[in-house]
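Chain letters run A, B, ... following the sequence lines, proteins first, then strands; residues in each count from 1.
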Amino acid sequence: MPELPEVETAVRALRAPLIGRTILSAHFPEPPRRMTNLPPELFAERISGEPIRALTRRAKYLIFQLGGQSLIVHLKMSGHLYVVPRERADPMDRWLRVRFPLDDGTELRFSDARRFGRVYLAARPEEVLPPLGPEPLDDSFTPDQFLARLRKRKGVLKALLLDQAFIAGVGNIYADEALHIAALHPLRRAESLSDAEAERLYHAIRQALSEGLARMGASIGWYRQPNGERGEAQHYLRAYRGRGDRRPCPLCGTPICTIRVGQRGTHFCPTCQPPP
DNA sequence: CGGACAACCTGGCGGC
DNA sequence: TGCCGCCAGGTTGTCC
């Protein structure tokens with residue numbers, strides 16, 4: 001489940017092989033269903049000959065700055081971007097959705113088992129990006145700004161952290177992690193937090209995401225780095241638990257509880273995160 | 001705005 | 001061992 005740390009890890013790894021390259025074309029092994037915002041022929045026509053000038057991230061989106069337009073990719077659940085030598089008859093990727101041949105004999109590939117991933121071409125990213133909150137790891141994201149935004153919102157914390165318009169890049173794993181670090185129950189309501197608790201949550205969000213990024217992301221489910229290697233963050237999770245993972249709370253040894261909050265599997269320690 | 005829920009997808013896991 | 005059914009999850013869209 002690529003979230004901010006996983007997407008940022010992919011962006012950093014892809015810059016070296018991609019910046020300065022020219023995209024020759026786009027090939028879709030199967031007709032794209034809802035994957036693109038343009039018919040495949042038009043998509044290929046518009047991207048052919050475009051240089052890759054920069055690669056950045058906004059929330060969970062990868063943004064390739066081309067000549068006069070942008071390629072915007074969302075990995076969703078199972079999307080994977082990687083670069084391989086083009087002519088080598090390597091084993092065909094079973095879930096290959098798009099191939100972008102490049103001018104140096106390599107190709108950028110978008111693979112996606114679940115078909116949730118999206119690939120957009122637009123003159124400007126804002127044309128396809130939804131409303132997004134601040135980047136939690138940016139210097140411009142301050143405790144004061146977080147507190148001011150929090151005071152405008154109501155509802156349970158877990159749902160708030162998952163709201164990309166409130167804060168960008170947090171997904172199910174790091175939401176549970178941030179709440180555990182902050183010692184806040186996922187069903188606590190935003191309007192119930194003291195200033196001190198809100199500041200704890202601010203630092204916890206940044207800590208959870210920073211640690212995940214330092215460990216190259218959490219390889220739970222499908223996520224792999226562009227070079228195919230797993231991240232390491234999954235070994236250090238405090239509260240989030242994948243299937244069959246029965247590890248207790250690392251702080252107090254209490255079994256981790258799993259509930260559903262807003263249709264999402266939610267994991268917390270009933271001792272460290274007292275219920276509202 | 002908040003909350004609930006369906007839809008999109010399909011591999012893989014749990015259960016039998 | 002084999003088969004079935006359901007779960008996982010980010011986001012959008014709908015409805016109340």
With sequence neighbours excluded, what pairs up with A:E199 under the salt bridge (Lys or Arg N to Asp or Glu O under 4.0 Å) test? none

Between A:R94 and A:R118, just flag the one whose closest nucleotide in DNA chain B comes earlier from the 5' side. A:R118

Between A:E135 and A:R57, does any side-chain N to carboxylate O distance fall below 4.0 Å? yes

May I ask you to test the A:L4-A:V170 pair for a side-chain heavy-atom distance under 4.5 Å? no

Atom-to-atom span, CG of A:L96 to P of B:dT10 - whole angstrom: 15 Å

Go through B:dC9, C:dG9, B:dG11 for me and flag the one nearest to the A:A113 side chain. B:dG11

Contacts of A:Y223 meeting ring-ring contact (aromatic ring centres under 6.0 Å, His included) (sequence neighbours excluded), chain-then-number -> none

Protein N or O to nucleotides 2-5 of chain B N or O, pairs below 3.5 Å:
residue: B:dG2; atom: OP1; partner: A:R153; partner atom: NE; Å: 3.2
residue: B:dG2; atom: OP1; partner: A:K154; partner atom: N; Å: 2.8
residue: B:dG2; atom: OP1; partner: A:K154; partner atom: O; Å: 3.1
residue: B:dG2; atom: OP2; partner: A:R153; partner atom: NE; Å: 3.1
residue: B:dG2; atom: OP2; partner: A:R153; partner atom: NH2; Å: 3.0
residue: B:dG3; atom: OP1; partner: A:R189; partner atom: NH1; Å: 3.2
residue: B:dG3; atom: OP1; partner: A:R189; partner atom: NH2; Å: 2.9
residue: B:dC5; atom: OP2; partner: A:Q263; partner atom: OE1; Å: 3.3

With the side chain of A:R260 defined as its heavy atoms from C-beta on, choose the nearest nucleotide among B:dG11, C:dG10, C:dA8. C:dA8

For DNA chain C, which residues in residues 237-250 of chain A have a heavy atom at a distance below 4.0 Å? A:Y240, A:R243

Check this for me, if you would: do A:R153 and A:D163 make a salt bridge, where the nitrogen-to-carboxylate-oxygen distance has to be below 4.0 angstrom? yes

Value in whole Å for how far the P atom of C:dG10 lies from CG of A:L75: 12 Å

To the nearest Å, give me how far apart CZ (A:R151) and P (B:dC1) are. 18 Å

Side-chain N or O of A:W222 versus OP1/OP2 of C:dA8: is the shortest distance under 4.0 Å? no

Roughly how many Å is it from CD1 in A:I220 to C1' in B:dC13, rounded to a whole number? 15 Å

When you measure from the side chain of A:H74, which nucleotide among C:dT12, C:dG10, B:dG11 comes out closest? C:dG10

Could you check whether the side chain of A:R115 and the base of B:dC9 have a donor-acceptor pair of N or O atoms closer than 3.5 Å, going by distance alone? no

A:I167 CD1 to C:dT11 P, in whole Å, measures 13 Å

Whole angstrom is fine here: how far is it from CG in A:L162 over to P in C:dG10? 7 Å

Should A:F43 and A:F28 be marked as a ring pair (Phe, Tyr, Trp, His ring centres under 6.0 Å) after you check the CA-CA gap, both sets of side-chain angles, and the distance that decides it? CA-CA 10 Å; A:F43 194 103; A:F28 300 82; 5.7 Å; yes

Kindly say whether the aromatic ring centers of A:Y174 and A:Y240 come within a distance under 6.0 Å. no

Heavy-atom side-chain contact between A:K60 and A:P2 under 4.5 Å: no

Per nearest nucleotide of DNA chain C, the residue lying toward the 5' end, A:V128 or A:M77, is A:M77

A:F141/A:Y202 aromatic ring centres below 6.0 Å: yes

State, to the nearest 10°, the angle formed by the axis through the first five base pairs of the helix from B:dG2-C:dC16 to B:dC16-C:dG2 and the axis through its last five. 50°

Donor-acceptor pair under 3.5 Å: do we get one between A:R264's side chain and the base of C:dG10? yes

Would you please confirm or rule out a distance under 4.0 Å between OP1 or OP2 of B:dT10 and any side-chain N or O of A:R33? yes

Have a look at A:P2 and say if it touches a base, only the backbone sugar-phosphate, or nothing, with a 4.0 Å heavy-atom cut-off. nothing

Is the distance between the ring centroids of A:F268 and A:H185 less than 6.0 Å? yes

How many whole angstroms separate atom OH of A:Y61 from atom P of C:dG10? 13 Å

Taking A:D93 first and then A:R109, would you say they form a salt bridge - that is, a charged N and a carboxylate O separated by under 4.0 Å? no

Can you name the ring-ring contact (aromatic ring centres under 6.0 Å, His included) partners of A:F166, sequence neighbours left out? A:F146

Answer yes or no: does a side-chain N or O of A:K76 lie under 4.0 Å from OP1 or OP2 of B:dC8? no

A:D93 CG to B:dT10 C1', in whole Å, measures 15 Å

Residues A:D195, A:R151: salt bridge by 4.0 Å N-O rule: yes

